[in-house]
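Computed from a predicted structure; not experimentally measured.
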Amino acid sequence: MHEYTSTVRVWGLSCPGFPEEVSRARRWTRDVLRGSPFAEDAELIVSELSANAILHTASGRESGSFHLAVAVSAQVVAVSVTDDGGTGTAPKVEHQDQDAEHGRGLGMVSAIAHRVVIHDSNGGRTVTAELFTHPRRGGHPC
């Protein structure tokens, strides 16, 4: 990320819905955000959201896919994962036992990100995690 970026820059990547694509999504995110203080957090968020798309939606079925977007401005780094839908329930933060094998991913994303937004559409669902560059007390942007 260039320190003098004054406008929003957006990168996108589409991946087939195979489990090994989660590591590709992480590497891509790390490369896009190289030099950003948010690179590690964004990489973890992408890993969780991509895995959720493959495990819990039609993205993990035959011919499924998921799509990533990273948007960077002077105020925010936003990471979005769009799945292929196919589930009747929306993703939700669950408070699981820390020893549970599943169900903690979106809770972890919510703990790392300053804001998480879930948007439904006809073709799937997009989960966006925002990391604000200058949060005020209470986690809200300036």
Side-chain angles (χ1 to χ4, degrees), residues 1-98 100-136 138-142:
M1 180 174 79
H2 195 277
E3 67 182 283
Y4 297 110
T5 301
S6 60
T7 60
V8 177
R9 297 188 60 180
V10 180
W11 294 263
L13 176 71
S14 293
C15 299
F18 303 124
E20 58 270 18
E21 291 297 312
V22 174
S23 62
R24 177 177 168 223
R26 277 195 313 263
R27 284 191 308 273
W28 178 81
T29 302
R30 183 176 46 232
D31 289 345
V32 166
L33 294 175
R34 181 160 296 159
S36 167
F38 296 113
E40 287 183 19
D41 287 344
E43 185 179 348
L44 179 58
I45 289 167
V46 162
S47 181
E48 290 298 327
L49 296 181
S50 298
N52 283 351
I54 292 169
L55 290 172
H56 302 295
T57 75
S59 293
R61 296 182 191 153
E62 187 174 340
S63 300
S65 62
F66 62 97
H67 311 278
L68 306 171
V70 174
V72 178
S73 74
Q75 296 79 29
V76 66
V77 172
V79 178
S80 299
V81 175
T82 302
D83 63 44
D84 285 344
T87 61
T89 59
K92 62 183 179 287
V93 177
E94 294 183 8
H95 300 287
Q96 296 284 339
D97 182 304
Q98 72 181 46
E101 291 185 29
H102 301 287
R104 295 189 330 246
L106 197 52
M108 183 170 43
V109 168
S110 294
I112 294 169
H114 294 108
R115 181 169 60 178
V116 176
V117 178
I118 300 170
H119 177 74
D120 291 315
S121 68
N122 291 337
R125 192 169 278 120
T126 300
V127 180
T128 301
E130 298 175 340
L131 301 162
F132 299 118
T133 56
H134 300 291
R136 292 188 308 185
H140 299 288
C142 298

Side chain to side chain contact (heavy atoms under 4.5 Å, CB included) between L106 and M108, worked out = CA-CA 5 Å; L106 197 52; M108 183 170 43; over 6 Å; no
query = Does the side chain of S14 pick up a donor-acceptor pair with the side chain of H67 at under 3.5 Å?
reply = yes
inquiry  = Would you compute the distance between atom NE2 of H114 and atom OG1 of T133 and round it to the nearest 0.5 angstrom?
reply    = 9.0 Å
inquiry  = Return the CG to CZ distance between D83 and F66, rounded to the nearest 0.5 Å.
reply    = 10.5 Å
message = As an exercise, state the distance from CG of L68 to CD of E21, rounded to the nearest 0.5 Å.
response = 9.5 Å
key: For A51, all residues meeting side chain to side chain contact (heavy atoms under 4.5 Å, CB included), sequence neighbours excluded   = V22
Worked check of side chain to side chain contact (heavy atoms under 4.5 Å, CB included) between T128 and V79 = CA-CA 6 Å; T128 301; V79 178; over 6 Å; no
ask   = When rounded to the nearest 0.5 angstrom, what is the spacing between CZ in R125 and OG1 in T57?
value = 8.5 Å
Note, V81 side chain near T126 side chain (heavy atom, < 4.5 Å) = no
Check against side chain to side chain contact (heavy atoms under 4.5 Å, CB included), V116 and V109 = CA-CA 8 Å; V116 176; V109 168; 4.0 Å; yes
key: Under 3.5 Å: donor-acceptor pair, side chain of D84, backbone of S65   = yes
task = Give the C-alpha distance, both sets of side-chain angles, the deciding distance and a yes or no for side chain to side chain contact (heavy atoms under 4.5 Å, CB included) between T29 and R26.
result = CA-CA 5 Å; T29 302; R26 277 195 313 263; 5.8 Å; no
inquiry  = I need the W28 CH2 to S23 OG distance, nearest 0.5 Å.
reply    = 14.5 Å
query = Would a distance-only check, ignoring hydrogens and angles, find a side-chain to backbone donor-acceptor pair under 3.5 Å from S50 to V46?
reply = yes
key: F38 side, atom CZ; I45 side, atom CD1 - distance, nearest 0.5 Å   = 10.0 Å
